[in-house]
Number of protein chains: 2
Amino acid sequence: VTDHDARDTIETDTQPKRAWRGAVADRSERFELKRQVVLRTAARIFSRYGFHQTTLVNIANALHIAKPTLYHYFKNKDEILLEIQQMAISQITDVAQDAMPGDASGRKQLETFVRRYVDMIIDDFGTCLIMIGATPLQPQNRTVVRKGSKQIEKTMRQILATGAADKSLPPCDPKIAAMFLFGSLNWIPYWYRRDGALDPDGLKDRAVEFVLARLNAKEA
Amino acid sequence: VTDHDARDTIETDTQPKRAWRGAVADRSERFELKRQVVLRTAARIFSRYGFHQTTLVNIANALHIAKPTLYHYFKNKDEILLEIQQMAISQITDVAQDAMPGDASGRKQLETFVRRYVDMIIDDFGTCLIMIGATPLQPQNRTVVRKGSKQIEKTMRQILATGAADKSLPPCDPKIAAMFLFGSLNWIPYWYRRDGALDPDGLKDRAVEFVLARLNAKEA
């Protein structure tokens, strides 16, 4: 197949051409994609070995690039961690908002919340947020992350209260119940392995079962 | 009151005298007591500010002693953390053993385990074990702490299996259930404050209620 043939094929079929166009990122998109790869790799290394135990050289080695190349994307290790934690917080906050569509029962909202929350915390960014937390960040940045956590906790409490009000969930103390439930979910990154016997969908099913059982919810 | 009078009072009342004798620690006991104070203070500071964010000067300042005095008790910060984590692990392991008296039902064992485990993890050493973990330790020491954690997890799984066998607890997958339950309990140090509305006994009651939720609903 010559170049000319290939171009002809593309020209005659507009659908693949458009798809191809989208896939060829421009310079700034390519830059952003590479930054994302750095962030995701760093998140995995931080979660596994700890933030203070990780050097920029460790991250560069895992990416098969030289350490100076990293500075093209990030100022320092702190900036990498802050971006990871901010991405995790914004993803989890989106989840929290999606779980409250207004018309669903509290129980249904809780189920949606648990499934999406588990998805997020077994993702590299969410795992890093849970396992590394805000402590290594600069004080002013810690506040950003902690505000996000407070927001998510508030959403869970609202869902529990909604469920108690519409009788789709048994009454409970939403404050205490939310903390016990977040505990069960936030501990998942410490023990769950994607390559183990339980796949992510199975994990989400078990998490929903556990949460509803702990709230004394009758089986649907 | 002169020294002589004081001695007389003590001599005539043998009960306080014996108590007093026990309280006057000898040199090695005093040394050990002071080490314990250092450990407890360090545990609080590590849990609150993070291990890497804490210096020996921070610990010495909190104790109102000079930094060189600390070296009388410990070689370095790593040694302090290792001793804290080892004490926490041994306390929690004791708890695990106490919870299995052999003749109690699985449900009763689980209740005992939860109450004693919560006691331990809201104590300075247990809180530090949960919040700082084994990651900052030297690799050979990490293994000691992780072995202890595995032992405690095994105990919980055995209790859940005992409860399923004697029908005092509903059947479950002990492996998954244990991890969700440990999550709920291990998250407590992240949100619980002793000076808040819930006192430690109240907290333990709520933890037991939460863990046994579905079962209690059936009985009620």
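Convention: sequence-line order gives letters A, B, ...; per-chain numbering from 1. Because the structure is predicted, anything quoted here is derived from the model rather than measured.
For B:Y49, the OH atom counts as loosely surrounded, since its 6.0 Å shell holds 12 or fewer non-hydrogen atoms of other residues, nucleotides or ligands. Heavy atoms from other residues, nucleotides or ligands lying under 6.0 Å from CZ of A:R146 number more than 12.
With sequence neighbours left out, the ring pair (Phe, Tyr, Trp, His ring centres under 6.0 Å) criterion links A:F46 to A:F51. Evaluation of the ring pair (Phe, Tyr, Trp, His ring centres under 6.0 Å) rule for B:Y192 yields no partner, not counting sequence neighbours.
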Task: Stepwise side-chain contact (heavy atoms from CB on, under 4.5 Å) check, A:W191 with B:E153 - done: CA-CA 11 Å; A:W191 60 270; B:E153 286 165 23; over 6 Å; no
Task: Trace of the side-chain contact (heavy atoms from CB on, under 4.5 Å) decision for B:T135 with A:M131 - done: CA-CA 11 Å; B:T135 311; A:M131 297 188 82; over 6 Å; no
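For A:F210, the part lying under 4.5 angstrom from a heavy atom of chain B is the side chain only. Only the side chain of B:L198 comes within contact range of chain A, with heavy atoms under 4.5 Å apart. For A:P136, the parts lying under 4.5 angstrom from a heavy atom of chain B are both the backbone and the side chain.
Interface check for chain B: of the options A:G50, A:C172, A:G183, the most heavy-atom pairs under 4.5 Å are formed by A:G183. Contact count against chain A (heavy-atom pairs under 4.5 Å) is highest for B:N186 among B:D173, B:I188, B:N186, B:L185.
Minimum interatomic distance between A:A213 and B:A213 (heavy atoms only, all atoms of both residues): O-CB, 3.7 Å.
Note that CD of B:E209 and CG of A:N216 are 9.5 Å apart. Values are rounded to the nearest 0.5 Å. One finds the CH2 atom of A:W187 at 5.0 Å from the CD1 atom of B:I130 (value rounded to the nearest 0.5 Å).
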